[in-house]
Amino acid sequence: MNIKNIQTTPFNDQRPGTSGLRKKVKTFQQPHYLENFVQATFDAQPALKGGILVLGGDGRFYNRTAIQIILRMAAANGIARTIVGQGGILSTPAASCIIRKYQTQGGIILSASHNPGGPDEDFGIKFNVDNGGPAPEKVTEAIFQRSTEIGSYKILEADDINLDRIGTSALGEMQVDVIDSVKDYADLMQHLFDFPAIHHLFNSGSFRMCFDAMHAVTGPYAREIIENMLGAEPGSVINAVPKEDFGGGHPDPNLAHAQEIVEMTHCLDPVDFAAASDGDGDRNMILGKNFFVTPSDSLAVLAANAHLIPAFPSGISGIARSMPTSQAADRVAEMLGIECYETPTGWKFFGNLLDSRKIAICGEESFGTGSDHVREKDGLWAVLFWLNLLAVKQQPVAQVLKSHWKIYGRNYYTRYDYEGVDKDAAEALMQHLRDRFGALPGQEFMGYTIEYADDFSYTDPIDGSLSSRQGIRIGFTDGSRIVYRLSGTGTVGATLRVYLERYEPDPEKQNQETAVVMAPLVQIAIDLAEIGARTGRSAPDVIT
Ligand code: G1P
Ligand code: ZN
């Protein structure tokens, strides 16, 4: 066995963001760049030595190359066994499922999620710990610290593993198992949902759906589950073959980037239900006939109806939402008499709450929903949950939402994203808002009175860790909110996100256009932060 010890010097930009380390492919292709980060991960996670590692990615450009490098480094670092998805493919939720099911010591997932892929686009790597969830901050910090002092890495000299053939082989002293990427995940879904009821929905009447895999990782999962197991009409899953560049698109399931299925719900002969997932399969967008379900509403509806699916026969213990997510879920929790936790942005903050069973369902406004079945958000899970509900309720999607709003009230919601903004200008904008905190409460703008202005900080109720500066909240006396945050996943400049929400309890006023209802708050948000003057932008790049 030929293990090489390669001399290297640290890179100073390997601190993981909201979801792992994301950079341009070209950055990862620099000599030693990927290797340094992987070695730092192995060094910071001594339990991997002699243990089992799960490895896979969303199939984007550089996925296969990176997997071969990581396999040889894993072998050189004493990992006993690595489980790899066939073709290097594992969706993020499937990786989480496999880490848990085989009681492994963690996993490396290669993905830049919804960011575009290709030689000039993005790549990413993240480490998930043994509960299947994203590494908590203390782990990512340890990896980062190690990356700043690294002097060498270990790698085995060996031929590539055949990633396309399922089976077991050896790499040095390490066992490599190439497994079916879909099977374990599909088995889990079958336990959580009423597959016969969904099968009946597809085969007993006129119900039609379309799932857009956006040329990304969920294609094989959705084909197997939705078409083969649940019996949806062949062709119900579109763009189902993962491509290295996602067909040139943004694999981001929102109204801006998943237009193909938006169109299919608005055309002359619309489908009853449509959904899409992102690059690595953890996000989802839900649409009905001529109807868009905001992710915040989706979370609230799933929580309110959880008792109707086999996974939660006696309901749920609690709910959590990320801070910028609308407060619709809070109203459900209140009525159910359970706790609703408000956490910082990023799935990693849900891990402790899920592990301690304080919550069973959680979600983010950024098209992320999930439960305690894995420790990642899960796009296809949300789609199956909705299908199960539709099968039980026998109502169109729009009707489900309208009935929900009647009971709980409606939280109108919209998000404005300003991408590629100058970093310093974005920081200055945030500081300008912070400087005004003291003066804002009590001030009135266009009929809205500010009740509080603060910078969100969170103390984890389980381990007591404190995360501060997690986004600026401006709350109004009628329950409306404006939230400002800088993205932690972008790779170019800064992305300013402005999240807006307004509560409407009156059923007579719950069917208005979101853009119309939100217009005054949008104006207040732009004026308060001086967005035009400070960023040079007259309009956002994306509105969701
Ligand atoms: C974004 C979303 C956040 C999500 C993350 C990973 O992070 O806003 O909710 O958890 O992607 O999918 P951001 O770019 O805002 O830091
Ligand atoms: Zn994702």
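On a predicted model such as this, the values are computed, not experimentally measured, just so you know. Start at 1 and go down the list; that is how both ligands and their atoms are numbered.
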Problem set entry | Atoms of ligand 1 close to G346 [distance to a heavy atom under 4.0 angstrom, numbered from 1] | 10 (O)
Seminar exercise, completed: Which of K126, R60, R22 passes salt bridge (charged side-chain N to carboxylate O under 4.0 Å, His left out) with D280? It is K126
Exercise. Which of the atoms in ligand 1, numbered in the order shown and given with their element, are less than 4.0 Å from a heavy-atom of E364?
Worked result: 3 (C), 4 (C), 9 (O), 10 (O)
Exercise answer: donor-acceptor pairs, residues 247-257 side-chain atoms, under 3.5 Å, sequence neighbours excluded:
| unit_1 | atom_1 | unit_2 | atom_2 | d |
| --- | --- | --- | --- | --- |
| D252 | OD1 | R283 | NH1 | 3.2 |
| D252 | OD2 | N254 | ND2 | 3.4 |
| N254 | OD1 | A256 | N | 2.9 |
| N254 | OD1 | H257 | N | 2.8 |

Problem set entry | K377 neighbourhood, listing ligand 1 atoms whose heavy-atom distance to it stays under 4.0 Å | 4 (C), 6 (C), 10 (O), 12 (O)
For this session: Identify whether the distance between the nearest side-chain nitrogen and carboxylate oxygen of D122 and K24 falls below 4.0 Å.
Result: yes
Exercise. Does anything in residues 524-533 pair up under salt bridge (charged side-chain N to carboxylate O under 4.0 Å, His left out), and if so which pairs, sequence neighbours excluded?
Worked result: E530-R534
Seminar exercise, completed: For G488, the atoms of ligand 1 under 4.0 Å from one of its heavy atoms are 13 (P), 14 (O), 16 (O)
Exercise. Short N/O distance, under 3.5 Å, between D282 and ligand 1?
Worked result: no
Exercise. Of all the non-hydrogen atoms in the protein, which one sits nearest to atom 11 (O) of ligand 1, and at what distance?
Worked result: R283 NH2, 3.0 Å
For this session: State the atoms of ligand 1, each with its element, that fall below the 4.0 Å cut-off from a heavy-atom position in S366.
Result: 2 (C), 3 (C), 4 (C), 8 (O), 9 (O)
Problem set entry | Protein N, O or S within less than 2.8 Å of the Zn ion (ligand 2), waters excluded | S113 OG, D278 OD2, D280 OD1, D282 OD1
Problem set entry | Heavy-atom side-chain contact between E365 and Y499 under 4.5 Å | yes
Problem set entry | W386: ring-ring contact (aromatic ring centres under 6.0 Å, His included) partners, not counting sequence neighbours | none
Exercise. Do you know which of F37, Y33, F28 makes ring-ring contact (aromatic ring centres under 6.0 Å, His included) with F123?
Worked result: F28
Problem set entry | Cation-aromatic face contact R331/Y503, 6.0 Å, 45 degrees | yes
Exercise. Should E427 and R469 count as an ion pair when the cut-off is N to O under 4.0 Å?
Worked result: no
Problem set entry | Single hit among V129, V54, L53, N131 for side-chain contact (heavy atoms from CB on, under 4.5 Å) with I99 | V54
Exercise. With under 30° as parallel and over 60° as perpendicular, where do the rings of W381 and F385 fit, or are they tilted in between?
Worked result: perpendicular
Seminar exercise, completed: T345 heavy atoms within 4.0 Å reach ligand 1 at atoms 3 (C), 8 (O), 9 (O)
Exercise. Nearest protein heavy atom to atom 14 (O) of ligand 1, by residue and atom, and its distance?
Worked result: T489 OG1, 2.4 Å
For this session: Mark up the atoms of ligand 1 that fall under 4.0 Å of a heavy atom belonging to R497, in ascending order.
Result: 8 (O), 13 (P), 14 (O), 15 (O)
For this session: Could you tell me whether some N/O pair between R22 and ligand 1 is separated by less than 3.5 angstrom?
Result: no
